[in-house]
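Since the structure comes first, as structure tokens, the remarks are kept for the end.
Computed from a prediction, not measured in an experiment: that's the story for all the values here.
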Amino acid sequence: QVQLVESGGGSVQAGGSLRLSCARSKYAASTYCMSWFRQAPGKAREGVAALYTDGWKRVADSVKGRFTVAQDGAKTTLYLYMSGLEPDDPALYSCAGDPAFYPGDGTWRDDFRYNYWGQGTQVAVSS
């Protein structure tokens with residue numbers, strides 16, 4: 001059973017930074033697409049960033065220049081480095097993954113392509 005476990009959420013002041021982590025179980029496939037999605041109350045889920053284990057990565061235009069996605073050396077933990085947090089950023093941030101999906105520019109934001117999801121971690125931004 002593949003598990004994705006997020007951590008690192010919290011509350012920061014506007015302009016502040018957070019690092020989110022998503023660890024997947026070590027028995028998962030060695031090649032993997034992992035992504036971050038977020039959903040604020042009353043809004044649709046939005047793809048924030050994606051990374052494939054070969055290094056392919058993308059971030060959404062709404063966070064480009066502020067958020068960075070990366071993985072650890074073992075390629076089992078996905079990170080989302082968030083800086084310059086703004087009032088539009090608060091949401092439940094969830095990690096999603098799938099070993100059978102190779103992402104593209106037109107597909108990585110499609111949440112239905114991911115079969116495994118974490119429980120989410122809340123991010124709040126105060127002014």
Side-chain angles (χ1 to χ4, degrees):
Q1 180 73 18
V2 175
Q3 288 186 322
L4 302 176
V5 180
E6 302 102 331
S7 60
S11 180
V12 296
Q13 289 190 324
S17 301
L18 281 174
R19 186 190 77 170
L20 305 184
S21 301
C22 173
R24 61 184 175 90
S25 54
K26 63 181 180 179
Y27 298 111
S30 59
T31 55
Y32 226 84
C33 178
M34 294 177 72
S35 296
W36 289 101
F37 286 80
R38 67 183 182 184
Q39 188 167 24
K43 294 187 177 181
R45 186 155 55 189
E46 173 191 18
V48 177
L51 183 145
Y52 195 79
T53 44
D54 66 358
W56 183 98
K57 63 175 70 174
R58 294 292 188 271
V59 294
D61 288 343
S62 59
V63 302
K64 196 168 291 182
R66 299 188 297 120
F67 291 11
T68 303
V69 64
Q71 62 184 341
D72 69 339
K75 301 182 179 181
T76 58
T77 300
L78 181 74
Y79 299 104
L80 184 68
Y81 295 89
M82 306 186 293
S83 63
L85 284 161
E86 299 174 349
D88 285 342
D89 293 323
L92 181 70
Y93 283 71
S94 299
C95 175
D98 201 286
F101 170 46
Y102 193 90
D105 287 335
T107 59
W108 71 267
R109 297 176 190 82
D110 297 334
D111 57 5
F112 62 85
R113 300 183 186 276
Y114 300 85
N115 284 305
Y116 302 101
W117 290 81
Q119 79 287 355
T121 185
Q122 197 71 41
V123 171
V125 178
S126 59
S127 57

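Contact detail for V125 and Q13: the closest heavy-atom pair is CG1-C, 4.1 Å. Contact between A14 and S127 at its shortest, heavy atoms only, is CB-CA, 4.4 Å. Closest heavy-atom contact between A40 and P90: CB-O, 3.6 Å. When all heavy atoms of G9 and L20 are compared, the pair lying nearest together is N-CD2, 3.6 Å. Residues A49 and V69 share a closest heavy-atom pair of CB-CB, 3.8 Å. Shown here for W36 and S21, the closest heavy-atom pair between the two residues is CH2-O, 3.6 Å.
Relative ring orientation between Y93 and F67 is described as tilted, the plane-to-plane angle lying within the 30° to 60° band. The aromatic rings of F37 and Y114 sit perpendicular to each other, their planes meeting at more than 60°, with 30° as the lower class boundary.
The line from CG of L85 to OG of S11 is 10.0 Å long, rounded to the nearest 0.5 Å. Rounded to the nearest 0.5 Å, atoms CG (L18) and OG (S83) are 10.5 Å apart. Of the inter-residue distances, the one linking R38 atom CZ with S94 atom OG reads 12.0 Å to the nearest 0.5 angstrom. Between atom CZ of residue F101 and atom OG1 of residue T107 there is a gap of 3.5 Å, rounded to the nearest 0.5 Å. Put simply, OG on S62 and CD on E46 are 4.0 Å apart, with the number rounded to the nearest 0.5 Å. For the atom pair OG (S35) and CZ (R58), the distance works out to 11.5 Å, reported to the nearest 0.5 Å.
Residues Y116 and L51 share a hydrophobic cluster, clusters being chains of Ile/Leu/Val/Met/Phe/Trp/Tyr side chains in contact below 4.5 Å. There is a path of hydrophobic side-chain contacts, each under 4.5 Å, that joins L80 to V12.
Proximity of Y102 to T31: side-chain heavy atoms (C-beta onward) are nowhere separated by under 4.5 Å. Taking the side chain as every heavy atom from C-beta outward, M34 and R24 approach each other to under 4.5 Å.
Salt bridge status for R113 with D98: absent, with no side-chain N to carboxylate O gap under 4.0 Å.
Counting side-chain heavy-atom gaps under 4.5 Å among Ile, Leu, Val, Met, Phe, Trp and Tyr, the cluster of Y81 also holds Y79.
In this structure, the side chain of T53 engages the main chain of Y32 through a donor-acceptor pair within 3.5 Å. Side-chain atoms of Q39 never come within 3.5 Å of backbone atoms of A91 as a donor-acceptor pair (strictly under, hydrogens ignored).
Applying the side-chain contact (heavy atoms from CB on, under 4.5 Å) rule to E86 yields the partners R66, D89; only residues at least two apart in sequence or on another chain are considered.
Contacts classified as disulfide (SG to SG under 2.5 Å) and involving residues 72-127 (residues at least two apart or in different chains) are given here: C22-C95.
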**Request:** Would you check, one step at a time, whether the test ring-ring contact (aromatic ring centres under 6.0 Å, His included) holds for Y52 with W108?
**Result:** CA-CA 10 Å; Y52 195 79; W108 71 267; over 10 Å; no
